[in-house]
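Following: one structure in C-alpha cells, then a few remarks.
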Amino acid sequence: MSHSWGYEATNGPSKWGASFPIANGDRQSPIDIVPGNASHDPGLKPLKLKYDPSTCLEILNNGHSFQVTFADDTDSSTLTDGPISGTYRLKQFHFHWGATDDRGSEHTVQGAKFPAELHLVHWNTKYASFGEAVNKPDGLAVVGVFLKIGNENAHLQKLIDKFSVITNAKTQTTFVDFNPATLLPGCLDYWTYLGSLTTPPLYESVTWIVLKHQITVSSAQMAKFRTLLFSSNGEAPCCMENNYRPPQPLKGRVVRASFK
Ligand SMILES: NS(=O)(=O)c1ccc(CCCCO)cc1
Ligand SMILES: [Zn+2]
C-alpha cells in the first residue's frame with residue numbers, strides 16, 4: 001500500500017501501519033492537546049517567523065491536500081527561536097479539513113475538533129536539504145494553525161481563487177508573491193511537543209508548534225476546499241475532504257506551553 005495510501009476506509013489511517021509500521025511508534029502525531037496537562041515553560045522563546053513573499057513558487061494538488069511550495073535555497077523564509085535551536089527554512093504549507101464544518105483538524109484541544117488545520121513545514125538547515133532533514137529526529141518544525149468558522153478570510157481567498165486550476169490530483173500552477181504570515185493569528189502563543197509527520201511515511205522527525213489562537217474561514221470558503229479532488233483527471237471524481245489523521249497515543253510525552 002505504500003504507493004496508494006489515502007483517507008478512505010480501505011487505505012486510510014487505520015490501515016497505514018501495514019505499510020508504515022512506525023504508525024504505532026512512540027512519537028506519532030497528531031495528538032489531543034489537553035491545556036490543563038500542558039506545562040508552562042518560561043524558558044520557551046517567542047516564535048520568530050520571517051517570511052519573504054518572493055520565495056513563493058507554486059500551488060499544487062498532490063492528491064492528499066493542496067500545498068503552496070517555497071524556494072528554500074536561501075534563508076529568506078525561516079523559523080527561529082520558539083522551542084527550536086538553529087534555523088529552519090519554510091518548504092511548504094498545506095491544510096487538512098473535513099467533509100463538514102464540525103471536523104477536519106488533526107490536532108484536537110481537549111477533544112474539540114476544528115474545521116481545518118494549516119501546517120507550515122520548515123526543515124533544519126543543519127541538514128543539506130528537506131530530503132535529508134525529513135527523517136531526522138530534529139529534522140522538521142511544523143507550525144499548526146487551527147481554522148474556525150467566521151468571517152470570510154481574504155488571504156485564504158487568494159489560495160481558493162486558484163482551485164479551479166488545481167482541481168485534479170497531480171496538477172499545479174504558478175503562485176507568486178504570497179506572504180504566509182497573513183495566515184497567522186495576531187498572538188503566537190503555542191503548545192509544543194515532539195511528534196511525527198501526520199501522513200505516510202509518518203517519520204518521527206517533527207517538533208510540533210501548535211498555535212493557541214485560530215484564524216477564521218467562512219463556511220462558504222470551506223465548501224470550496226471540498227471542490228478539490230483526491231482523484232486525477234479521467235478517474236471517477238472523489239472529493240478531497242476528511243484528509244486528517246485522528247489523534248494518536250501520547251505515550252508519556254510532555255506538552256509544553258509558551259504561555260501561562
Ligand atoms: N502533515 S505534516 O505537516 O505532518 C507533513 C509534512 C510534510 C510531509 C511530506 C513528507 C515527504 C516525505 O518524503 C508529510 C506530512
Ligand atoms: Zn499536514
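Every number for a ligand or one of its atoms is a count from 1 in the order of the listing.
- The side chain of Pro201, and not its backbone, has at least one atom closer than 4.0 Å to an atom of ligand 1 (non-hydrogen atoms only; side chain from C-beta on).
- Using a 30° and 60° split on the angle between ring planes, Tyr7 and Trp5 fall in the perpendicular class, above 60°.
- No donor-acceptor pair under 3.5 Å is formed between the side chain of Gln110 and the backbone N or O of Ile33.
- In this structure, Lys91 has no heavy atom closer than 4.0 Å to ligand 1.
- When heavy-atom distances to ligand 1 are checked against a 4.0 Å cut-off, Val121 comes that close only through its side chain, counted from C-beta outward.
- The Zn ion (ligand 2) lies closest to atom ND1 when only the N/O/S atoms of His119 are considered.
- Of the heavy atoms in Trp208, only side-chain atoms (C-beta onward) come closer than 4.0 Å to ligand 1.
- Take the N/O/S atoms of His94: the one nearest the Zn ion (ligand 2) is NE2.
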**Message:** Does His107 form a ring pair (Phe, Tyr, Trp, His ring centres under 6.0 Å) with Tyr193? I'd like the steps, not just the answer.
**Reply:** CA-CA 12 Å; His107 291 88; Tyr193 75 97; 5.6 Å; yes

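- Of the options Phe225, Phe163, Tyr244, a ring pair (Phe, Tyr, Trp, His ring centres under 6.0 Å) to Phe95 is made by Phe225 and by none of the others.
- In this structure, His94 is part of the shell of residues with a heavy atom less than 4.0 angstrom from ligand 1.
- Scanning all protein heavy atoms for the shortest distance to atom 4 (O) of ligand 1 gives Thr198 N, 2.9 Å.
- Note on ligand 1: Val206 sits outside its first shell, no heavy atom being nearer than 4.0 Å.
- Ring geometry for Trp208 versus His119: interplanar angle over 60°, hence perpendicular rather than tilted (30 to 60°).
- Within 6.0 Å of the CG atom in Asn151, the count of heavy atoms belonging to other residues, nucleotides or ligands does not exceed 12.
- Heavy-atom contacts of Thr199 reach the following atoms of ligand 1: 14 (C), 15 (C) (cutoff under 4.0 Å).
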